[in-house]
Student: 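A single structure is presented below for examination.
Order of the sequence lines fixes the chain letters, A, B, ..., with proteins taken first and strands second; residue numbering starts at 1 for each chain.
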Amino acid sequence: MSVPVLETHHIVRDYHVGRTLFAGGQVIHAVKDATLKVEKGKTLAIVGESGSGKSTLARILTLIDPPTSGELLIEGERVDIIKTGVSKQMRRKVQMVFQNPYGSLNPRQKIGDVLAEPLVINTDMPASERQDRAQQMLKKVGLAPEHFNRYPHMFSGGQRQRIAIARALMLNPSLLVLDEPVSALDLSVQAQILNLLADLQDEFQLTYVFISHDLSVVRYIADDVMVMYLGEVVEQGSREAVFADPQHSYTKTLFAATPRADVASIKARLARRAAEIA
Amino acid sequence: MPLLDIRNLTVSFDTSIGLFKAVEGIDLSVDAREVLAIVGESGSGKSVEMLAVMGLLPPSATVTADKLEFDGKDLLHMPPHEKRHIIGRDIAMIFQEPVASLNPCFTIGFQIEEVLRFHLGMDRKQRRARAIELLHQVGISDAEQRLHAFPHQMSGGQCQRVMIAMAIACKPKLLIADEPTTALDVTIQKQILDLLVGLQAQHGMALIMITHNIGVVAETADRVIVQYRGHKMEESDVLTLFEAPTSPYTRALLSALPDNATGDRLPTIGDFSAEPAI
Ligand SMILES: Nc1ncnc2c1ncn2[C@@H]1O[C@H](COP(=O)(O)OP(=O)(O)OP(=O)(O)O)[C@@H](O)[C@H]1O
Ligand SMILES: Nc1ncnc2c1ncn2[C@@H]1O[C@H](COP(=O)(O)OP(=O)(O)OP(=O)(O)O)[C@@H](O)[C@H]1O
Ligand SMILES: [Mg+2]
Ligand SMILES: [Mg+2]
């Protein structure tokens with residue numbers, strides 16, 4: 001069997017917070033013990049309660065923050081961003097789409113430059129080709145050529161989210177960690193993006209870690225599913241297994257709380273409400 | 001008389017390549033005790049039209065309307081000093097990108113208490129008690145501790161809930177919620193929706209809910225507006241929207257639910273004849 005693209009052993013992350021620099025202080029155990037493995041060309045979906053440590057784990061997987069303890073392997077190679085540092089090549093291989101796209105875009109950089117910039121740094125492509133590539137990518141995520149010269153604040157929430165995805169894809173990463181990447185998209189644009197991700201996975205054997213609160217998206221895109229609750233990994237398994245037979249009580253609650261969009265449920269709600277008012 | 005009454009609202013932006021109309025001739029009204037959902041394509045003008053109501057668009061935007069009235073008062077021509085006391089108190093908004101909407105330099109406790117000070121003139125003790133109560137209502141445990149946290153020390157969903165706490169702090173007459181639950185798992189989403197719908201029932205609040213989440217529409221809305229490229233495509237009561245949508249765009253949108261995927265690919269708007277006619 002080939003080497004997994006991503007593997008972790010017992011990742012822990014604590015945050016120390018205190019009221020002042022000198023007094024008091026409190027430790028938040030954001031990630032308690034995360035062990036996971038993702039094979040090449042596969043998708044691991046992470047779901048979990050708000051505040052359960054998903055984004056914290058994502059920043060560790062993408063070499064942005066160090067874990068407090070535990071081991072991280074990318075393509076079989078042990079990575080320790082504090083002790084040994086990270087090569088430029090490794091940084092390029094692993095990309096992240098942040099939960100908060102606004103904060104991850106430079107407000108003074110035009111979108112065309114945002115997309116072409118990685119090519120300036122990492123390749124010796126001529127400017128005209130860089131432009132072409134950026135334009136193509138813009139089109140793939142459902143934006144138009146006239147958006148090329150706009151600044152980040154001139155976009156809608158969902159448009160910015162797509163810019164963040166496009167930027168991450170420009171570098172041809174082999175591992176892409178996406179933190180709530182389609183939460184601001186309507187169903188049709190969401191479908192376009194999910195189809196694009198699936199195509200890229202087929203073509204280039206891309207590996208995804210996909211954080212999402214939307215269980216229908218998870219069910220559609222994941223090979224494996226991991227469930228987090230209060231910093232703990234409470235459930236892990238193939239998509240089929242987790243959806244068919246959830247073990248942990250949080251997972252069960254999660255499935256039960258998913259809103260219903262069928263006509264019968266709407267009628268029942270409206271009837272309840274009419275009864276309350278009467 | 002509707003609480004908010006908008007006739008023929010148009011918003012255009014002055015861009016480097018000419019005028020761009022983001023919102024074109026929208027009519028929209030909402031009554032006290034009513035939940036109006038706005039759904040539609042990413043980039044179709046949903047956030048912009050609500051920011052126009054709030055008077056929070058950048059100077060590059062031109063807003064025109066035959067009527068833009070709240071509670072019988074003309075918002076379009078109201079002097080700024082008068083408007084400052086309505087916006088944030090009688091009309092509050094949960095912004096789409098919560099992390100970007102909070103001030104990174106102040107603790108969340110300070111930011112919530114500042115709203116209470118400015119609009120309600122509460123003293124320190126009252127403010128503190130109310131802030132803690134609000135954080136509890138939005139499901140943030142250890143609220144006392146969390147008051148001292150800065151936005152970057154909170155998760156995406158926690159920031160979103162702080163934003164919600166700030167918006168409901170003054171018990172507004174109209175709450176505009178722009179994608180209020182995108183960063184929340186369905187269990188907390190349910191808690192928040194119950195809270196908002198509860199406020200609407202108790203205080204007769206009107207709620208405008210912008211969302212891509214069809215389940216949220218089904219579980220909360222009385223009436224639904226569907227938007228596409230700055231135009232209103234359809235306006236229906238919630239049951240009609242799901243039972244017999246009139247516009248082809250709505251039909252296409254609903255069929256893009258990942259649950260409706262047939263085979264490997266998700267349907268997108270492009271799969272349905274040509275572009276919807278505007
Ligand atoms: N820089 C920080 N300092 C202190 N605490 C932090 C910091 N970053 C995150 N936390 C805390 O760690 C916990 C996990 O946060 P994280 O952002 O990983 O959650 P999450 O699972 O991504 O949640 P969400 O779904 O709401 O985005 C939270 O309780 C959060 O308040
Ligand atoms: N400052 C600006 N300058 C130019 N165009 C802008 C500006 N702000 C927004 N727009 C454009 O106006 C249109 C409407 O934006 P808006 O934010 O209202 O979309 P939305 O319906 O809320 O979309 P989403 O669901 O993605 O949040 C978009 O095409 C956007 O690019
Ligand atoms: Mg997060
Ligand atoms: Mg928006």
Side-chain angles (χ1 to χ4, degrees), chain A residues 15 17 19 26 47-52 54-56 99-103 142 146 149-150 153-160 162 179-180 183-192 194-195 198 213-217 219-221 250 253-254 257-263 265-267 269-270 276, chain B residues 13 15-17 20 39-44 46-48 58 96-97 99-100 139 145 148-149 153-158 160-161 178-179 182-190 201 212-219 238-239 242-243 252-254 256-259 261 264-270:
Chain A
Y15 290 110
V17 290
R19 286 198 184 190
Q26 183 201 2
V47 301
E49 205 188 27
S50 169
S52 62
K54 303 179 298 295
S55 299
T56 300
Q99 185 173 12
N100 161 24
Y102 216 154
E146 71 249 31
N149 286 317
R150 282 205 204 159
H153 76 270
M154 300 173 169
F155 289 90
S156 79
Q159 289 169 339
R160 269 194 289 273
R162 287 177 272 162
D179 196 352
E180 297 285 354
S183 63
L185 305 178
D186 64 273
L187 289 173
S188 176
V189 173
Q190 170 178 296
Q192 186 183 349
L194 294 178
N195 286 338
H213 286 303
D214 188 333
L215 293 173
S216 61
V217 170
R219 193 201 288 264
Y220 173 75
I221 198 166
Y250 174 72
T253 320
L254 203 60
T258 300
R260 315 273 313 247
D262 55 290
V263 169
S265 310
I266 298 172
K267 280 186 177 153
R269 171 176 70 87
L270 295 174
E276 274 164 29
Chain B
F13 289 99
T15 74
S16 59
I17 52 166
F20 171 76
V39 303
E41 208 202 13
S42 169
S44 61
K46 305 180 296 293
S47 300
V48 163
Q96 186 172 7
E97 283 157 292
V99 182
Q145 294 280 350
H148 303 282
Q153 297 175 319
M154 307 282 279
S155 79
Q158 288 164 344
Q160 191 161 39
R161 285 178 277 160
D178 194 352
E179 301 283 356
T182 45
L184 305 177
D185 61 287
V186 287
T187 59
I188 293 177
Q189 169 173 287
K190 189 164 186 324
H212 290 304
N213 189 323
I214 295 301
V216 169
V217 175
E219 293 214 335
V238 64
L239 198 56
F242 284 89
E243 258 183 340
L253 191 67
L254 292 175
L257 267 171
D259 294 339
D264 268 359
R265 293 191 77 73
L266 289 166
T268 64
I269 297 298

Student: Please examine the side chains of Val238(B) and Arg269(A), heavy atoms only from C-beta on, and report whether any two atoms are closer than 4.5 Å.
Tutor: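 The answer is yes; the side chains approach within 4.5 Å.
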
Student: What part of Leu254(A) gets closer than 4.5 Å to chain B, counting heavy atoms only: side chain, backbone, both or neither?
Tutor: both

Student: Distance from Thr15(B) atom OG1 to Asn149(A) atom CG, nearest 0.5 Å?
Tutor: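 Separation between the atoms: 10.0 Å.
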
Student: Select one option (side chain, backbone, both, neither) describing which atoms of Tyr15(A) are under 4.5 Å from chain B's heavy atoms.
Tutor: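 Neither part; nothing is under 4.5 Å.
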
Student: Which answer fits Ser55(A), side chain, backbone, both or neither, if we ask what part of it has an atom under 4.5 Å from a heavy atom of chain B?
Tutor: neither

Student: Can you tell me which portion of Phe155(A) sits under 4.5 Å from chain B's heavy atoms? Options are side chain, backbone, both or neither.
Tutor: neither

Student: Name the region of Ser216(A), side chain, backbone, both or neither, that has any atom closer than 4.5 Å to a heavy atom of chain B.
Tutor: both

Student: Spell out, as yes or no, whether a donor-acceptor pair under 3.5 Å connects the side chain of Lys190(B) to the backbone of Asp185(B).
Tutor: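 Between the backbone of Asp185(B) and the side chain of Lys190(B) there is no qualifying donor-acceptor contact (under 3.5 Å).
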
Student: Which region of Arg260(A), side chain (C-beta onward) or backbone (N, CA, C, O), has a non-hydrogen atom less than 4.5 Å from a non-hydrogen atom of chain B, or is it both or neither?
Tutor: both

Student: Can you say whether Leu184(B) sits under 4.5 Å from chain A via the side chain, the backbone, both, or neither, judging by heavy atoms?
Tutor: both

Student: Quiz question: by atom type and distance under 3.5 Å, do the side chains of Gln160(B) and Thr182(B) form a donor-acceptor pair?
Tutor: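 Yes, because at least one side-chain N or O of Gln160(B) sits under 3.5 Å from a partner of the opposite role on Thr182(B).
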
Student: Measuring from Phe20(B):CZ to Met154(A):CE, what's the distance to the nearest 0.5 Å?
Tutor: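 Atom-to-atom, Phe20(B):CZ and Met154(A):CE are 12.0 Å apart.
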
Student: Which residues satisfy the side chain to side chain donor-acceptor pair (under 3.5 Å) test with Ser50(A), sequence neighbours excluded?
Tutor: Arg161(B)

Student: Using 0.5 Å steps for rounding, measure from the CG atom of Asp186(A) to the NZ atom of Lys46(B).
Tutor: 6.5 Å

Student: Any idea which of Ser156(A), Ala257(A), Ala198(A), Gly103(A) has the most non-hydrogen atom pairs under 4.5 angstrom with chain B?
Tutor: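 Sorted descending by pairs with chain B, the first entry is Ala257(A).
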
Student: Please classify the contact between Gln96(B) and chain A as side chain, backbone, both or neither, with a heavy-atom cut-off of under 4.5 Å.
Tutor: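 Only the side chain of Gln96(B) comes within 4.5 Å of chain A.
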
Student: Checking heavy atoms, do the side chain of Ile17(B), its backbone, both or neither come under 4.5 Å from chain A?
Tutor: side chain

Student: With a 4.5 angstrom heavy-atom cut-off, could you sort out which part of Glu180(A) is near chain B: side chain, backbone, both or neither?
Tutor: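 Only the side chain of Glu180(A) comes within 4.5 Å of chain B.
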
Student: Please classify the contact of Gln158(B) with chain A as side chain, backbone, both or neither, using a heavy-atom distance under 4.5 Å.
Tutor: both

Student: Taking side chain as everything from C-beta outward and backbone as N, CA, C, O, which of these in Thr187(B) sits under 4.5 Å from a heavy atom of chain A? Side chain, backbone, both or neither.
Tutor: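 Its backbone and side chain both get close to chain A.
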
Student: Go through the atoms of Ile221(A) and report whether side chain, backbone, both or neither lie under 4.5 Å from a heavy atom of chain B.
Tutor: neither

Student: Which region of Glu219(B), side chain (C-beta onward) or backbone (N, CA, C, O), has a non-hydrogen atom less than 4.5 Å from a non-hydrogen atom of chain A, or is it both or neither?
Tutor: both

Student: Which atom pair, heavy atoms only, marks the closest approach of Pro259(A) to Val186(B)?
Tutor: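 In terms of heavy atoms, the two residues are closest at CD-CG1, 4.0 Å.
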
Student: For Glu146(A), give me all partners under salt bridge (charged side-chain N to carboxylate O under 4.0 Å, His left out), at least two apart in sequence or on another chain.
Tutor: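 Counting only residues at least two positions away or on another chain, Glu146(A) forms no salt bridge (charged side-chain N to carboxylate O under 4.0 Å, His left out).
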
